[in-house]
Number of protein chains: 2
Amino acid sequence: MISQTAEYALRAMVFLAMKDGAATGQEIAAVTLVPGGYLSKIMQQLAKAKLVHSQRGIGGGFTLARQAKEISILDIVNAVDPIKHIRSCPLDIKSHGVNLCPLHARLSTASRQVEEAFAKSTLAELITESRSPDCLSVPLTPRALDTACGDCSL
Amino acid sequence: MISQTAEYALRAMVFLAMKDGAATGQEIAAVTLVPGGYLSKIMQQLAKAKLVHSQRGIGGGFTLARQAKEISILDIVNAVDPIKHIRSCPLDIKSHGVNLCPLHARLSTASRQVEEAFAKSTLAELITESRSPDCLSVPLTPRALDTACGDCSL
DNA sequence: CAACTTCTGGACCTTTATGTCCATAATAGC
DNA sequence: GCTATTATGGACATAAAGGTCCAGAAGTTG
């Protein structure tokens with residue numbers, strides 16, 4: 001559905017949205033269970049896409065560059081793993097495989113629906129809409145690993 | 001959206017659905033512009049999934065194992081590149097990252113929508129529903145590469 | 001300035017997806 | 001049985017995604 005990289009980016013952004021102030025790469029990696037070295041690459045991409053602001057030195061780290069309600073899932077996914085659209089039949093120039101058009105029309109429709117759904121969800125919604133109150137009250141630290149959440153079954 | 005492999009499998013199946021009798025691997029590869037050697041692997045997967053029947057020797061090749069109206073896009077995609085569902089928060093056992101649940105709920109919803117759309121489209125629909133009559137009348141041979149189809153813009 | 005923290009960016013490695021090649025097995029026609 | 005045809009399956013090659021590591025730049029504190 002989405003790449004591992006996009007999944008990681010989303011986790012990091014959700015975490016940032018829930019956190020007051022800056023979070024260091026190490027902190028984000030620990031909480032979101034993303035490999036630290038790899039996360040740093042992803043954060044760089046998010047910074048280049050102007051979704052987060054980065055600050056070096058003590059007290060530094062990453063913060064959202066905009067309000068959580070102004071950042072959609074689609075923004076995040078596109079920053080690290082751009083959704084590519086089918087613009088013409090992939091069967092070479094003269095489209096001999098023109099007979100495949102109805103097929104690609106379906107695929108295109110499906111991907112546009114996903115895109116639309118992603119565009120409609122903001123970070124703000126994701127952190128507000130907790131279906132299981134216990135879940136959100138879990139402290140945002142690696143230690144919380146010990147805390148079970150029976151409702152987390154999606 | 002879907003893997004290259006799934007794209008290739010769909011092209012091959014659409015071609016088979018349009019063709020009377022068996023088509024050899026070479027023929028399918030030429031028309032669908034899929035690398036021959038790679039296509040043979042994919043056809044093997046489709047055969048194992050009982051979506052096509054294979055026959056060796058002269059006059060042999062591949063044929064649909066069921067009627068075109070009984071084969072959905074989802075059947076084909078699942079045969080070569082199974083859609084994996086999110087069943088629980090991917091943040092390890094005790095779901096410390098429980099705060100990500102709303103996120104994964106969205107992702108899960110999106111993938112289920114795609115799955116549903118794919119399940120509803122059959123091969124029969126794909127080959128009937130030609131929005132551009134000219135397209136479907138194009139001969140199903142590599143030579144047709146020379147035939148342009150202006151309506152093929154998806 | 002010195003020491004410490006944190007991001008940056010490049011080199012490199014591993015795994016997975018994609019793609020190639022060929023010997024072999026099954027089938028049909030003669 | 002012989003030959004031509006066609007799928008099968010394994011070995012191998014290449015490309016892309018995912019992941020690791022570390023030197024160095026930029027920032028903070030004292």
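These numbers were taken from a predicted model, which means no experiment stands behind them. Numbered from 1 within each chain, the chains take letters A, B, ... in sequence-line order.
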Between D:dA17 and A:Tyr38, is there an OP1 or OP2 to side-chain N/O distance shorter than 4.0 Å? no

Using a heavy-atom cut-off of 4.0 Å across all strands, would you classify A:Gly61 as base, sugar-phosphate, or nothing? sugar-phosphate

Could you tell me how far apart B:Ile42 (CD1) and D:dG9 (P) are, to the nearest whole angstrom? 15 Å

I want to verify a distance call: between C:dC7, C:dG9, D:dG19, whose nearest atom is closest to the A:Thr24 side chain? C:dC7

Looking at A:Tyr8, does any N or O in its side chain come under 4.0 Å of the phosphate oxygens OP1/OP2 on D:dG19? yes

Rounded to whole angstroms, how far apart are CD on A:Glu27 and P on C:dT5? 15 Å

For a quick check, with a 4.0 angstrom heavy-atom cut-off, what is the B/S/- contact string for nucleotides 23-30 of chain C, read 5' to 3'? --BBBS--

Report the distance from atom NE2 of B:His53 to atom C1' of D:dA7, rounded to the nearest whole Å. 11 Å

A:Phe62 side chain, from C-beta outward: closest of D:dT8, C:dA11, C:dC7: C:dC7

What pair of heavy atoms forms the shortest contact from A:Lys50 to A:Ala65, and how long is it? O-CB, 3.3 Å

Please tell me whether A:Asp81 and A:Ser3 have a donor and an acceptor in their side chains that are separated by less than 3.5 angstrom. yes

Which value, rounded to the nearest 0.5 Å, describes the distance between A:Ile71 atom CD1 and A:Thr122 atom OG1? 9.0 Å

By nearest heavy atom, map B:Ser54 and A:Ala6 onto DNA chain D; which one lands nearer the 5' end? B:Ser54

The answer to which of B:Asp81 and B:Gly36 contacts DNA chain C further toward the 5' end, by nearest nucleotide, is B:Asp81

In whole angstroms, the gap separating P of C:dT6 from CD1 of A:Ile28 amounts to 12 Å

Closest non-hydrogen contact found for B:Arg11 with B:Val34 is NH1-CG2, 4.2 Å

Less than 4.0 angstrom between a side-chain N/O of B:Thr5 and OP1 or OP2 of C:dT18, yes or no? yes

Within this structure, what is the CG-to-C1' distance between A:Leu33 and D:dG18, rounded to whole angstrom? 17 Å

For A:Ile28 and A:Ala12, the nearest pair of non-hydrogen atoms, with its separation, is CG2-CB, 3.7 Å

So which of A:Leu10, A:Ile76, A:Leu16 actually passes side chain to side chain contact (heavy atoms under 4.5 Å, CB included) with A:Leu123? A:Ile76

Rounded to the nearest angstrom, tell me the gap between atom CG in B:Leu46 and atom P in D:dT8. 11 Å

Calculate the interatomic distance between A:Met43 atom CE and C:dG9 atom P; express it in whole Å. 14 Å

How many Å lie between NZ on B:Lys41 and C1' on C:dT18, as a whole number? 12 Å

For the atom pair CG (A:Leu46) and CG (A:Asp75), what is the distance rounded to the nearest 0.5 Å? 10.5 Å

Describe the nucleic acid contact of A:Gln44 in one word from base, sugar-phosphate, nothing, applying a heavy-atom distance below 4.0 Å. base

